[in-house]
S.K.: 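Starting off with a structure, shown below.
The chains referred to below are lettered A, B, ... by the order of the sequence lines, with proteins before strands, and numbering in each begins at 1.
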Amino acid sequence: LRALVLADVEPGTARLTSASLSAVTAARQAIGADGTVAVLACVPAKAGSELKNVPKNLSKCFVAEHALFSHAIPEHRAPLVVQLQETHKFSHVFSPASTFGKALMPRVAALLDVSQVSDIVKVESASCFVRPIYAGNALATVEASDAVKVCTVRATAFEPATASDDLSGVQVENTSHLLESFLGNAAALSTFESEDKVQSARPELGSAKVVVSGGRGFKNGENFKMLEGLADKLGAAVGATRAAVDAGYCSNDMQVGQTGKIIAPELYIGVGLSGAIQHLAGMKDSKYIVAINKDPEAPIFQVADYGLVGDLFEVLPELESKL
Amino acid sequence: MVRKVLVGVKRVVDYLTKIRVQADGSGVDLKNVKWSMNPFCEIALEEAIQMKEKKLVDEVVAASIGNKSAAETLRSALALGADRAIHVVTPDGDASASPEPLAVAKILRKLVEKEKPGLELVLLGKQAIDDDSNQTAQMLSALLGWSQATFASTVKMEGNTHALVAQEVDGGLETVKISLPCVISVDLRLNSPRYATLPNIMKAKKKPIESISVESLGVDISPRNRVVHVASPPQRKSGIMVESVDQLLDKLRNEAKVI
C-alpha cells in the first residue's frame, strides 16, 4: 500500500505544518508497516530546497515550485494531484483537515471519482476509519469501498510524525514540469487578491499546549483583551466562542467549535462562556478543562475537570496576578 | 437572458436537537426529532435573495435532494424569497442513507446543466450539520471545471465576470478573485438570515416546486462508504467545583500538573 499526503506548507518559512505531520501519522497507520508514504509539497518558486519539518522515512518527497503556490488555491493544485495519482496509483491520499485540506481535498476526490471520508479521528484498518458526525455527538465507523481512500485527518487525534529540517536522506522529486499542462487555465479560474491574517507572538491555536478561551461574558472587545494577559502568563493561545466572534470581540480565526477550529490542548480554560454544543465539539477532547463562569448552571461545568463559579472580572485579575 | 443563482438547501436535524445514538450502533435515532433547513444553507439562500434585491441576479432557484419531506424545506426556501424550487426525489427510506456528497455534487451538476444558460453562480453551505462533511461545493466545482471559493465571509460581484470572495481560513481571512461561473460555499458570518413573514409564507404556497426523480437524472447514488457502526463519544467524567482561585491553582499545579 502506498500513501500520498498533501502537505500544508507555510509559504514564508517553507515549513510543513504540524497538522500535515499528523496526517502522515494517520497515513502510516492506514497502510501498515509494509506500506510507504510520500508527501507532496507545493511551494513558491525555488523554495523546494528550503523545505523544513519534513517527516522522516518518506519514500519520496514530491515538490512542485511555482509563484502561484504562495497561496493555497485548490484549482491550482488539484490537477497536479490527479496527475501524480495516475502515474503512481496511490492506495491512500490524505491531507490535514485544516482549511487547506478542507478546500483542496474534495476537489481532488471528485476529479478521481472517489467518495471522501472527512476529518477522521481514528484508523481502524486500511479501509476503515472513524469520524465524528453531528458536531461530535456521535462517532461513525466508515468502511470506504473506493479503490483509493481519500481522507482528511483531524490533527488533534494523531501525534505529528517525527520530522527534521535535514533533507539529506530524503528522495526529492521535482514535479514542476507537470504544472505546464494545466496551470495557465487554473490561474484564470482563481487568483489570490489579498489577505488579512492575524500576526501573534502566541502559540498557534491548533497546536498550543494551553488555550484560554472567552465567550459572551466579556461583554465587549476591550474586556476580551483581558484574556491576553492570562494567555501570556501561561504561554497559551487565545480562543473564542462563535458568539464572541459574531459579536465582534475578536477575529474569526480564534473561533473554537464545530465550524471553527478543533483543538485538544493539555489545558483548556473557558472563561465567561456557557458551553454550547457546537463549542464543546471543538474542545471536549482537551486533557484538562477549567470552567470559570458566574452561572453555576452553565453546561460547560458538566464537562469541566475544575469549575469555579465567579465573576470573571474579579477572577481573571486574581488568577493572572497569582500565576 | 434570465440571470439565475442556484442554492442548495438540505433538510437536517435541527441544530438545537440533542441527538441520540441508537443502542444497537446502527445510527442516530431520527424518529420524532425536529427538522430544519441546514443553518449554512440558510445563509447561502439569504445571500442569493440579497443578490436579487440588489438586482445582481433575476431569479433564485432553490434545490433540495431527499425523500418527500424535503419538499417542506423547499417550501421554507420559497417563503424566504426563492422564486422557484427543484426537488430531486430520492427513494423513501432510512434518512441516514441520504446521498453522499459526491452523489449530491453529481446531481447538482445535472441541475446546473439543466438550468443553463443564465446560471453562473451556485451558492451552498460550507457543511451540513448532520454529517459535517464539508465537501459538496468543492466537488461540484471540480465536476463542472468551475472556480471555487469556500468558507465565504463576504462575496462581492465584480461586474459580470468575476467575484471577490473573502474566505475564512485558519490564519484569518484570505480574499480570492474568482472568475464566473463559480461555486461558493458560505460561512457563518456572511449574513444574518431573515425570518419568513406570514404574507410570504402564504405567497410561497403558489410558487412552483418541480419534482424530478433521481433515477431520471441518471446519477448513481448508491453509497461508496458503508457506515459500519455509530457510537456515542466517550463521556467525560464530571469533575469537581473549586471554591477559590487559590484552590484552582493548587489543583492545576499539584493534581493535574499542567501549569
S.K.: Let's test your reading of the structure: which of B:Ala256, B:Ser238, B:Gly145 forms the most heavy-atom pairs below 4.5 Å with chain A?
M.R.: B:Ala256
S.K.: Check whether any side-chain heavy atom of B:Arg236 lies under 4.5 Å from a side-chain heavy atom of A:Ile289, and answer yes or no.
M.R.: yes
S.K.: Count the heavy-atom pairs under 4.5 Å between each of A:Val245, A:Ile292, A:Leu267, A:Asn137 and chain B, then report the option with the highest count.
M.R.: A:Asn137
S.K.: Quick one: does any side-chain atom of A:Lys102 pair with a main-chain N or O of B:Lys126 as donor and acceptor, under 3.5 Å?
M.R.: no
S.K.: So, do B:Ile178 and A:Leu189 sit near enough that their side-chain heavy atoms are less than 4.5 Å apart?
M.R.: no
S.K.: Given a strict heavy-atom distance threshold of 4.5 Å, which part of B:Arg253 is in contact with chain A: side chain, backbone, both, or neither?
M.R.: side chain
S.K.: As an exercise: rank B:Val12, B:Ile129, B:Leu16 by heavy-atom pairs under 4.5 Å with chain A and give me the winner.
M.R.: B:Ile129
S.K.: Working note: B:Val230 + A:Thr141, criterion side chain to side chain contact (heavy atoms under 4.5 Å, CB included); need CA distance, chi angles, decisive distance, verdict.
M.R.: CA-CA 6 Å; B:Val230 176; A:Thr141 303; over 6 Å; no
S.K.: Taking atom CG of A:Asp253 and atom CG of B:Leu173, what is their separation to the nearest 0.5 Å?
M.R.: 8.0 Å
S.K.: For B:Ala105, is it the side chain, the backbone, both or neither that has a heavy atom under 4.5 Å from a heavy atom of chain A?
M.R.: neither
S.K.: Heavy-atom distance under 4.5 Å to chain B: side chain of A:Lys287, backbone, both or neither?
M.R.: backbone
S.K.: For a side chain to side chain contact (heavy atoms under 4.5 Å, CB included) check, start with the C-alpha distance between B:Leu249 and A:Leu323, then their side-chain angles and the critical distance, and finish with the verdict.
M.R.: CA-CA 8 Å; B:Leu249 286 171; A:Leu323 276 165; 3.7 Å; yes
S.K.: Hey, which of A:Lys261, A:Gln278, A:Gln199 has the most heavy atom pairs under 4.5 Å with chain B?
M.R.: A:Lys261
S.K.: Contact part of A:Ile277 toward chain B, heavy-atom cut-off under 4.5 Å: side chain, backbone, both or neither?
M.R.: side chain
S.K.: Could you look at A:Leu234 and say if it's the side chain, the backbone, both or neither that has a heavy atom under 4.5 Å from chain B?
M.R.: side chain
S.K.: Would you say the side-chain atoms of A:Glu75 pair up with the backbone N or O of B:Gln148, donor to acceptor, closer than 3.5 Å?
M.R.: yes
S.K.: Quick one: what part of B:Gln135 sits under 4.5 Å from any heavy atom of chain A, side chain, backbone, both or neither?
M.R.: both
S.K.: Which residues in residues 153-165 of chain B have any heavy atom closer than 4.5 Å to a heavy atom of chain A?
M.R.: B:Leu164
S.K.: Using a 6.0 Å cut-off, check whether atom NZ of A:Lys233 has over 12 heavy atoms from anything other than its own residue.
M.R.: yes
S.K.: If I compare all heavy atoms of B:Phe151 with all of A:Ala103, which pair ends up nearest, and what's the gap?
M.R.: CZ-N, 4.1 Å
S.K.: Within the structure provided, determine whether B:Val258 and A:Val210 are in side-chain contact (heavy-atom separation under 4.5 Å).
M.R.: no
S.K.: For the candidates B:Asp187, B:Val169, B:Val21, B:Val227, which exhibits the highest count of non-hydrogen atom pairs separated by less than 4.5 Å from chain A?
M.R.: B:Val169
S.K.: Between the side chains of A:Tyr306 and B:Glu255, is a donor N or O closer than 3.5 angstrom to an acceptor N or O?
M.R.: yes
S.K.: Tell me, side chain or backbone of A:Ala304 under 4.5 Å from chain B's heavy atoms, or both, or neither?
M.R.: backbone
S.K.: For residues 106-115 of chain A, give me every residue with a non-hydrogen atom less than 4.5 Å from any non-hydrogen atom of chain B.
M.R.: A:Pro106, A:Arg107, A:Ala109, A:Ala110, A:Leu111, A:Asp113, A:Val114, A:Ser115
S.K.: Select one option (side chain, backbone, both, neither) describing which atoms of A:Ala188 are under 4.5 Å from chain B's heavy atoms.
M.R.: backbone
S.K.: Mind checking whether A:Ile73 and B:Val176 have side chains closer than 4.5 Å, heavy atoms only?
M.R.: yes
S.K.: Regarding B:Arg189 and A:Gln255, do their side chains bring together a donor and an acceptor under 3.5 Å, going by distance alone?
M.R.: yes
S.K.: Within a radius of less than 6.0 Å around OH of B:Tyr15, do more than 12 heavy atoms belonging to other residues, nucleotides or ligands occur?
M.R.: no
S.K.: For residues 127-134 of chain A, which side-chain donor-acceptor pairs fall under 3.5 Å, sequence neighbours excluded?
M.R.:
residue  : atom : partner  : partner atom : Å
A:Ser127 : OG   : A:Glu143 : OE2          : 2.6
A:Arg131 : NE   : A:Ser118 : O            : 2.7
A:Arg131 : NH1  : B:Asp131 : O            : 3.0
A:Arg131 : NH2  : B:Asp131 : O            : 2.8
A:Arg131 : NH2  : B:Asp132 : O            : 3.3

S.K.: Could you tell me if the side chain of B:Leu248 sits less than 4.5 Å from the side chain of A:Val290, heavy atoms only?
M.R.: yes
S.K.: Contact part of A:Leu205 toward chain B, heavy-atom cut-off under 4.5 Å: side chain, backbone, both or neither?
M.R.: neither
S.K.: To the nearest 0.5 Å, tell me how far A:Asp146 CG sits from B:Asn225 CG.
M.R.: 6.5 Å
S.K.: I'd like to check the side chain to side chain contact (heavy atoms under 4.5 Å, CB included) partners of A:Ser95; sequence neighbours left out, ordered by chain and number.
M.R.: A:Leu6, A:Met105, A:Thr152
S.K.: How close do A:Leu308 and B:Ser244 get, counting heavy atoms only, and between which atoms?
M.R.: CD1-N, 3.7 Å
S.K.: Heavy-atom distances under 4.5 Å only: say whether B:Leu188 touches chain A with side chain, backbone, both or neither.
M.R.: side chain
S.K.: Given A:Lys322 and B:Val245, is the side chain to side chain contact (heavy atoms under 4.5 Å, CB included) satisfied, shown in steps?
M.R.: CA-CA 9 Å; A:Lys322 286 178 173 168; B:Val245 166; 4.2 Å; yes
S.K.: Taking the side chain as every heavy atom from C-beta outward, state whether A:Lys197 and B:Glu174 have any pair of such atoms under 4.5 Å apart.
M.R.: yes
S.K.: Taking the side chain as C-beta and beyond, is there a heavy-atom pair between B:Met241 and A:Phe301 under 4.5 Å?
M.R.: yes
S.K.: In terms of heavy-atom proximity below 4.5 Å to chain A, should B:Gln235 be classed as side chain, backbone, both, or neither?
M.R.: neither
S.K.: Would you compute the distance between atom CG of A:Asp119 and atom OG of B:Ser133 and round it to the nearest 0.5 angstrom?
M.R.: 9.5 Å
S.K.: Once you round to the nearest 0.5 Å, how far does CD of A:Gln116 lie from CZ of B:Arg224?
M.R.: 13.0 Å
S.K.: Verify, without hydrogens or angle tests, whether B:Thr175 (side chain) and A:Glu193 (backbone) share a donor-acceptor contact under 3.5 angstrom.
M.R.: no
S.K.: Under a 4.5 Å cutoff for heavy-atom pairs, which residue among A:Gly310, A:Ser194, A:Ala138 has the most contacts with chain B?
M.R.: A:Ser194
S.K.: Which one, A:Val315, A:Thr259, A:Asp246, leads in non-hydrogen pairs under 4.5 Å with chain B?
M.R.: A:Thr259
S.K.: Report the option among A:Leu319, A:Thr191, A:Val198, A:Leu104 that has the most heavy-atom pairs separated by less than 4.5 Å from atoms of chain B.
M.R.: A:Thr191
S.K.: Please determine, among B:Thr150, B:Asp170, B:Leu102, the option with the most heavy-atom pairs under 4.5 Å with chain A.
M.R.: B:Asp170
S.K.: Quick one: are B:Glu168 and A:Thr99 in side-chain contact, heavy atoms under 4.5 Å?
M.R.: no
S.K.: Heavy-atom distance under 4.5 Å to chain B: side chain of A:Gln258, backbone, both or neither?
M.R.: both
S.K.: If I measure from the heavy atoms of chain A, does B:Ile259 come under 4.5 Å with its side chain, its backbone, both, or neither?
M.R.: side chain
S.K.: Given heavy-atom pairs under 4.5 angstrom as the criterion, report whether the side chain, backbone, both or neither of B:Pro233 touches chain A.
M.R.: both
S.K.: When only pairs under 4.5 Å are counted, which of B:Gly171, B:Ser179, B:Gly239 shares the most heavy-atom pairs with chain A?
M.R.: B:Gly171
